[in-house]
Amino acid sequence: MARRCRVCKGAPVIDLRQHNAAFCEEHFLRFCRTQVSKTIEKHTMFDHDDRLLVAVSGGKDSLALWDILLELGYNTEGLVIGLGIGDYSSQSTQTARRFARERRLVLHEVDLEAEHGFTIPGAVAGSSRVPCSACGLSKRHLFDRVAREHGFDVVVTGHNLDDEAAVLFGNVLRWQTDYLARQQPVLPAGDGFPRKAKPLVRLGERETAAWCVLRGIDYVLDECPMAEGNNHLAFKDALNALEERTPGTKQDFYLGFLRQGFEHFAPPDAEVSARAALAACTSCGAPTAGERCPFCRLRDNAARESTPIELGRKDH
Ligand code: Q46
Ligand code: ZN
Ligand code: ZN
């Protein structure tokens, strides 16, 4: 017989095996809000005086995040980036706009092609670069830039438990200790970069999708076509298979790492303060270790690759 709601014993809308509990609509929504506020407080992510810039993709995670932060009374504006990935990007932007318009929220927009002269597919065509690495680099750069220009205190992203467990799995498989040293749900501001926070790390994809359905939020169902075949999806599949056999595996793996594993990889304070100071990118002014930041190099390479007369020229 199906379990009843853990709180009120009413008819359940969802069964969360990893929590050994089912919830009715009201108590599921309350459960999600509590998980998010617990994460925000536990990791001292931000408070109600901070101005938050929510990175919005039009997918279930970022829209659920924005909605939950609004419900919790935080001061938020959104940012959507037009990545130029065909229909997927147009749908993302339109969905984000609709969400913001219906709720009278401020949504900032940056279009890679219109403002920087390249798209993600264009930047990786003819190069050995993985699309998600060019894309991630561009998104981080633009989130940081908009946050700096508009005086936001924190950039918040919709990475959920499934994402973070898959990234952790990949980092552990290859013992990428420098990445493990930074895999925290909050990164402090520093060196000209704003604080970054991931308040959804206690909720899985199934929960963010259920949140959107129950709250009547329209979100982009299609996955990004450029993600196909990447390792991140393979790590998610592997973890899903383990989760199926033993519910709670993902949360034990990731939250256990935060509790007991992270401290073994975090660099000592002395090492952090001895790091070389960053200079301003000579092209855009963003903090960077080199002369030009990775985003400006990517943009310039993409421009070169798309200029027929210079095709084949390599950037050293
Ligand atoms: S949008 Fe960009 Fe993602 Fe598409 S290319 Fe990869 S990183 S999968 S969240
Ligand atoms: Zn209930
Ligand atoms: Zn730059």
Side-chain angles (χ1 to χ4, degrees), residues 2-16 21-32 34 55-62 65 80-93 96 112 115-125 129-145 148 157-160 162-164 166-167 192-193 198 200 205 214 219-220 222-236 278-303:
R3 269 194 270 239
R4 311 291 295 175
C5 170
R6 175 198 268 182
V7 183
C8 69
K9 309 291 174 231
V13 291
I14 192 164
D15 193 323
L16 303 180
F23 293 102
C24 69
E25 177 169 341
E26 178 192 342
H27 292 120
F28 171 69
L29 296 176
R30 189 176 80 179
F31 165 83
C32 292
T34 307
V56 186
S57 70
K60 59 189 182 323
D61 302 315
S62 58
L65 171 63
V80 65
I81 298 174
L83 299 164
I85 308 177
D87 287 350
Y88 171 75
S89 288
S90 333
Q91 272 186 38
S92 296
T93 303
L112 261 189
E115 295 174 46
H116 300 282
F118 73 98
T119 62
I120 295 304
V124 298
R129 220 178 222 291
V130 179
C132 293
S133 109
C135 183
L137 178 165
S138 303
K139 288 194 285 193
R140 285 191 297 276
H141 175 89
L142 296 168
F143 294 149
D144 291 348
R145 181 192 286 197
R148 259 194 313 275
T157 56
H159 295 93
N160 60 36
D162 295 73
D163 297 320
E164 291 304 293
V167 170
F193 293 105
K198 301 173 181 171
L200 292 190
E205 305 190 330
L214 294 171
Y219 63 89
V220 177
D222 293 342
E223 295 292 338
C224 169
M226 304 206 83
E228 221 168 88
N230 75 12
N231 284 342
H232 186 68
L233 293 184
F235 298 148
K236 275 191 173 175
L278 300 180
C281 167
T282 51
S283 176
C284 74
T288 180
E291 197 179 305
R292 278 180 313 144
C293 74
F295 177 79
C296 288
R297 289 196 312 241
L298 177 75
R299 181 201 56 211
D300 296 348
N301 282 348

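Everything numeric here is computed off the predicted structure, so don't read it as measured data. Whatever order the structure lists ligands and atoms in, that order sets their numbers, starting from 1. Just the heavy atoms: all of them, side chains too, but no hydrogens, waters or symmetry mates, feed the values below.
A 4.5 Å side-chain heavy-atom check between Cys5 and Glu26 finds every atom pair outside the cut-off. Counting heavy atoms from C-beta outward, His116 and Ser138 have side chains that stay 4.5 Å or more apart. Side chains of Phe23 and Leu29 form no contact here, defined as non-hydrogen atoms less than 4.5 Å apart. Counting only heavy atoms from C-beta outward, the side chains of Phe31 and Val7 never approach each other to under 4.5 Å. You'll find the side chain of Ile81 reaches within 4.5 Å of the side chain of Phe143, heavy atoms only. Residues Asp61 and Leu200 have side chains in contact (heavy-atom distance under 4.5 Å, counting atoms from C-beta outward).
For residues 225-236, every residue pair satisfying the side chain to side chain donor-acceptor pair (under 3.5 Å) rule, not counting sequence neighbours, is listed here: Asp163-Lys236, Glu205-Lys236.
Protein contacts to atom 6 (Fe) of ligand 1 involving N, O or S atoms at a distance below 2.8 Å are Cys132 SG.
Note that the SG atom of Cys296 and the NE2 atom of His141 stand 5.5 Å from one another [nearest 0.5 Å].
Of all protein N/O/S atoms, those lying under 2.8 Å from the Zn ion (ligand 2) come to 4.
Remark: Lys198 pairs with Glu164 by the side-chain hydrogen bond (donor to acceptor under 3.5 Å, both in side chains) rule, at least two apart or across chains.
Under 4.0 angstrom from ligand 1, the non-hydrogen atoms of Lys139 all belong to its side chain.
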Open item on the list: Run the side-chain hydrogen bond (donor to acceptor under 3.5 Å, both in side chains) test on Arg30 and Thr34 for me, step by step, so that the C-alpha distance in whole Å, both residues' side-chain angles and the decisive distance to 0.1 Å come before the verdict.
Closed with: CA-CA 6 Å; Arg30 189 176 80 179; Thr34 307; 5.3 Å; no
